[in-house]
Engineer: 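Once you've had a glance at the structure underneath, I'll fire off some questions.
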Amino acid sequence: MSIDQSVGDDVRRKHGEYLLPAVANYYAEPIVLAEGDGMRVRDVDGREYLDFFGGILTVSVGHCNPTVNTAVKAQIDRLGHVSTLYPTVPIVELAERLARITPGKLTKSMFTASGTEADETAVVLAQVYTEAQELIALRHGYSGRSLLAQSLTAHAPWRAVPTQIAAVKHAVSPYCYRCPFGLSYPSCDIKCAQDIEELIRTTTTGRIAGFLAEPIQGVGGFITPPKEYFDVAVGIVRKYGGVFICDEVQTGFGRTGGKMFGIEHWGIEPEIMTMAKGVANGLPLGVTIATDEIAAAFQSLTISTFGGNPVSCAGANATLAFIEDENLVDNSERQGKRLRAGLEELAKSFPKQIGDVRGMGLMQAIELVRDEASGDRTPDPATTLALFEETKKRGLLIGKGGLSGNVVRISPPLTVGEAEIDEALTSLEASFAALG
Ligand SMILES: Cc1ncc(COP(=O)(O)O)c(C=O)c1O
């Protein structure tokens, strides 16, 4: 297909003119996407890309998945909107499905329009249930863009205003590559988790509402905790009266391979769980699910105009059925292993730039540093940006993360096959080689 640059240029110009400058795009010259099909997307100028970020871990079953789209089109022609004031078939079908697939005693759902609202709802539930206010969140965590969510978030670049919620206390991140205590696993005795007790005893009233954490810190750069972390951390939180709010916005629905949810790898049952992103293959939907007891404590009225929108719920039902029917949780594990092995080989080929390879399933990251080979782990966001431009030239889309913007996040749709994993690895290798 011939490339007509003019359409893209026009969109980029208008984006600069009419959108908040804070709405940042990837790449020196942002890609204006217009079409998607499975693992591939095309821009308005006709260039094709292999999508290894899937929105932001959102397109779980491939772009324009025909099964999902058929369900969505049928629903929008039947009934497009009602708000949470009316029960609908798609909403109860989804709630029943979520009660079945989530771990432990999670049974009662509330639907909203985003991950931010899902986390907000979870915090309210924890506070009304425990009748306590204070919350433990994690440094390097990300919870969204509302004022509460920004206060839970622990990344200066994602905070437009100072912390608004004094009741949020941030524990250190289980970030082994940059251990906040300078220790090494396993001799560290999981000090990052143990330290939560000191945090509660010194910075709170000693009675907390809860602990909100991602099983793998997504925006933080796929920071993957040691396997004992959540057992120790959640044990301490419960000792001080708090509940565990597990934010599965990125790790949910098979993303981490072999399990439907990230936290299931470690056998911990949260009292509240939040989800969004991959649940409806890109349609806006936030979910907060809680135990019966916690749900019963929420006595005030609550409504969400767009929450549980029948079209989003129909999309979610079709997406989750597709994940189960096609065994995509297993595919995520299988292809994740192939991807991980390839990234570890890449790290051997580029031992200076690649400091760490981490993640689980189809949620893999590489952290770029100044010179790992000589022990200089200074984050290298400039090389990360240069790598992005090189992968773009080779038709590969990847994601960025980390406090310093020096982590490459790789998360293709769960429908990815071996050939596409190999294609992405080949493009990455050529891109690193081109950096010189
Ligand atoms: C772990 C996590 N929680 C919450 C959110 C907020 O979700 P949303 O952007 O849908 O509001 C995000 C978004 O990236 C996230 O990664």
Side-chain angles (χ1 to χ4, degrees), residues 20 22-26 53-60 110-126 135-155 157-160 165 168 170 173-175 210-225 230 244-253 255-256 261-263 270 272-289 304-309 312 315-316 319 359-363 365 398-403 405 407 409-411:
L20 289 189
V23 182
N25 295 137
Y26 277 165
F53 202 35
I56 307 176
L57 297 84
T58 328
V59 181
S60 41
M110 162 87 195
F111 298 108
T112 49
S114 68
T116 299
E117 290 169 89
D119 280 354
E120 293 254 349
T121 308
V123 167
V124 172
L125 279 167
L135 294 154
I136 308 299
L138 286 181
R139 297 186 197 176
H140 299 263
Y142 183 86
S143 293
R145 49 176 308 284
S146 67
L147 285 177
L148 170 61
Q150 281 185 58
S151 293
L152 289 164
T153 294
H155 281 253
W158 292 110
R159 280 204 182 137
I165 318 288
V168 179
H170 289 97
S173 166
Y175 194 173
F211 170 53
L212 185 147
E214 304 156 70
I216 294 178
Q217 294 189 287
V219 173
F222 293 178
I223 297 170
T224 310
F230 277 102
F244 174 35
I245 303 169
C246 184
D247 179 336
E248 294 269 359
V249 168
Q250 293 209 17
T251 48
F253 308 109
R255 174 55 56 192
T256 56
F261 294 97
I263 200 65
I272 306 175
M273 192 182 260
T274 62
M275 297 152 258
K277 291 206 190 287
V279 63
N281 210 34
L283 291 171
L285 185 67
V287 184
T288 310
I289 190 166
S304 173
T305 303
F306 296 122
N309 173 281
S312 289
T319 301
M360 295 173 87
L362 287 172
M363 190 171 183
I398 49 177
K400 193 145 63 74
L403 188 58
V407 180
R409 293 194 282 164
I410 305 168
S411 294

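Atoms within each ligand, like the ligands themselves, are counted from 1 in listed order.
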Engineer: Just so I know, are the side chains of Pro270 and Phe261 near enough to count as touching, which here means a heavy-atom distance under 4.5 Å?
Structural biologist: no

Engineer: Could you pull out all residues at least two apart from Ala118 that satisfy side-chain contact (heavy atoms from CB on, under 4.5 Å)?
Structural biologist: Thr112, Thr274, Thr288

Engineer: Can you sort out the partners of Phe211 under ring pair (Phe, Tyr, Trp, His ring centres under 6.0 Å), two or more places apart, ordered by chain and number?
Structural biologist: Phe244

Engineer: Quick check on the 6.0 Å ring-centre criterion: do Phe111 and Phe306 meet it?
Structural biologist: no

Engineer: Name the residues with a heavy atom less than 4.0 Å from ligand 1?
Structural biologist: Ser114, Gly115, Thr116, Asp119, Tyr142, Ser143, Gly144, Glu214, Asp247, Val249, Gln250, Lys277

Engineer: Would you call Thr251 and Glu214 a side-chain contact if the rule is heavy atoms closer than 4.5 Å?
Structural biologist: no

Engineer: For Ile56, what residues pass the side-chain contact (heavy atoms from CB on, under 4.5 Å) criterion, not counting sequence neighbours?
Structural biologist: Phe53, Thr58, Lys277, Arg409

